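As structure tokens, the structure follows; a few thoughts come after it.
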Amino acid sequence: MLRLREAAGLTQAQLAEHVFCHDSNIAHFESGTRRPQVETSKMFDEVFDTGQHLQRLCALARRSGHAEYFADAAELEERALTISEYSPMLVPGFLQTEAYARAFTKSARPFAAEDEIEELVRTRMERARLLEKEHPPKVWEIIHEAALHVVVGSPEIMHEQLLAVVEAGRSRRYLVQVHPFTGGPHPFMTGVVSLMSFADSSPVVYVEGAYTGQLIDDPTVAGRYRKAYDLARAAALSPAASLLLIESVAKGFATDEHRT
């Protein structure tokens, strides 16, 4: 892309204005440390009059087992120094057990073939292996208390899942907090939010809803998300109290198992 920009006689700042992104992102695209999203690639094709060439290259590079809207975020996670997530209704993907992930995937895709379900579950489990790297990102998870009570699959699956969260929190690989019902409303309660920081580039935010997701790399907007996340941490229970609560809820599901 550097060659195309120079041939067009544009500076990085001028090109950034054409495609509505921060000029630091142009530097990352040119160095290969970050990949443009599909819509940005489309605008690059329009600026450089390259037909759909850059869009096709972007599509080829994005091929992975992840949902298309999450593919870019998954790639950025590989380079992140820190990942801070807020999950309002589900146990976060990094912490999900295979049984929980399978039960949720089946409910979200009721007409999907069994092999498609298993491929999605496999991809989700592989994502968690990011934390097994020699220098893994530091992961901070805030889970709303509601996510502890929504039964995904069965009481048995929930019991296993919540104990897995407790184990992860005590392993010191994750820092886990629960946002209690008494914590009141919060801007992140409508969807999953993930904030990522990097050693060599500006922070990004990934927000996800049902069947859709968006990366936000505008520094001003990312800063607002960071401030909101700091408020969420302040409203959450301490890590120690959070793990005790999760363990208590898990025991309740164990009792439900015996009743069934």
Side-chain angles (χ1 to χ4, degrees), residues 70 73-74 76-98 100-101 104 124-150 152 158-199 201-208 213 215-216 222-251:
F70 181 66
L76 288 174
E77 286 180 342
E78 295 284 342
R79 297 177 37 240
L81 287 179
T82 65
I83 300 174
S84 304
E85 296 187 314
Y86 185 103
S87 185
M89 292 298 291
L90 285 172
V91 171
F94 277 124
L95 300 175
Q96 289 179 10
T97 63
E98 185 173 333
Y100 184 97
F104 174 70
R124 178 153 295 197
M125 293 299 99
E126 287 182 352
R127 178 183 171 226
R129 290 178 187 150
L130 172 68
L131 279 301
E132 298 174 6
K133 296 195 314 181
E134 184 178 358
H135 300 290
K138 294 179 174 61
V139 178
W140 195 311
E141 299 283 4
I142 301 178
I143 309 170
H144 195 277
E145 187 175 353
L148 309 181
H149 297 275
V150 175
V152 176
M158 290 301 301
H159 175 68
E160 175 191 36
Q161 173 62 82
L162 295 184
L163 289 184
V165 173
V166 172
E167 181 180 357
R170 289 178 177 161
S171 72
R172 305 187 72 83
R173 289 187 300 157
Y174 303 85
L175 205 158
V176 178
Q177 286 184 274
V178 173
H179 187 164
F181 290 123
T182 55
H186 191 272
F188 295 163
M189 290 178 64
T190 57
V192 174
V193 176
S194 177
L195 294 79
M196 291 178 269
S197 68
F198 309 89
S201 58
S202 55
V204 300
V205 177
Y206 174 72
V207 293
E208 183 175 293
L215 273 175
I216 300 169
R224 290 173 183 166
Y225 272 90
R226 171 51 65 185
K227 290 178 181 177
Y229 197 85
D230 289 342
L231 291 174
R233 287 191 294 194
L237 300 176
S238 71
S242 296
L243 296 183
L244 288 175
L245 174 60
I246 297 170
E247 197 168 33
S248 175
V249 177
K251 290 178 180 177

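Not measured: the values here are computed from a predicted model.
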Derivation of the side-chain contact (heavy atoms from CB on, under 4.5 Å) call for Trp140 and Leu195: CA-CA 10 Å; Trp140 195 311; Leu195 294 79; over 6 Å; no

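- Side-chain contact between Ile142 and Phe188: absent, with no pair of heavy atoms (C-beta onward) separated by less than 4.5 Å.
- For His179 (side chain) and Ile143 (main-chain N/O), no donor-acceptor pair under 3.5 Å exists by modelled atom type.
- Few gaps surround CD on Glu126; more than 12 heavy atoms of other groups in view lie less than 6.0 Å from it.
- Counting non-hydrogen atoms of other residues, nucleotides and ligands closer than 6.0 Å to CZ of Arg224 gives a total of 12 or fewer.
- You'll find the side chain of Val205 reaches within 4.5 Å of the side chain of Val193, heavy atoms only.
- Between Leu130 and Ile83, some side-chain heavy-atom pair lies under the 4.5 Å cut-off.
- Taking 4.5 Å as the limit, some side-chain heavy atom of Met158 sits within range of a side-chain heavy atom of Val152.
- Between Pro92 and Glu85 the shortest heavy-atom distance is CB-OE1, 3.8 Å.
- Asp230 has no carboxylate O lying under 4.0 Å from a charged side-chain N of Lys227, or vice versa, which leaves the two without a salt bridge.
- Using a 4.5 Å cut-off on side-chain heavy atoms (C-beta onward), Val192 and Pro88 make contact.
- With hydrogens and angles ignored, the 3.5 Å screen pairs no side-chain donor or acceptor of Tyr174 with any backbone N or O of Glu141.
- In this structure, the side chains of Val139 and Arg173 stay at 4.5 Å or more apart for every pair of heavy atoms.
- With Ser242 contributing its side chain and Leu237 its backbone, the two residues share a donor-acceptor pair below 3.5 Å.
- For the pair Lys251 and His159, the tightest heavy-atom approach, listed with the atom from each and the gap, is N-ND1, 4.4 Å.
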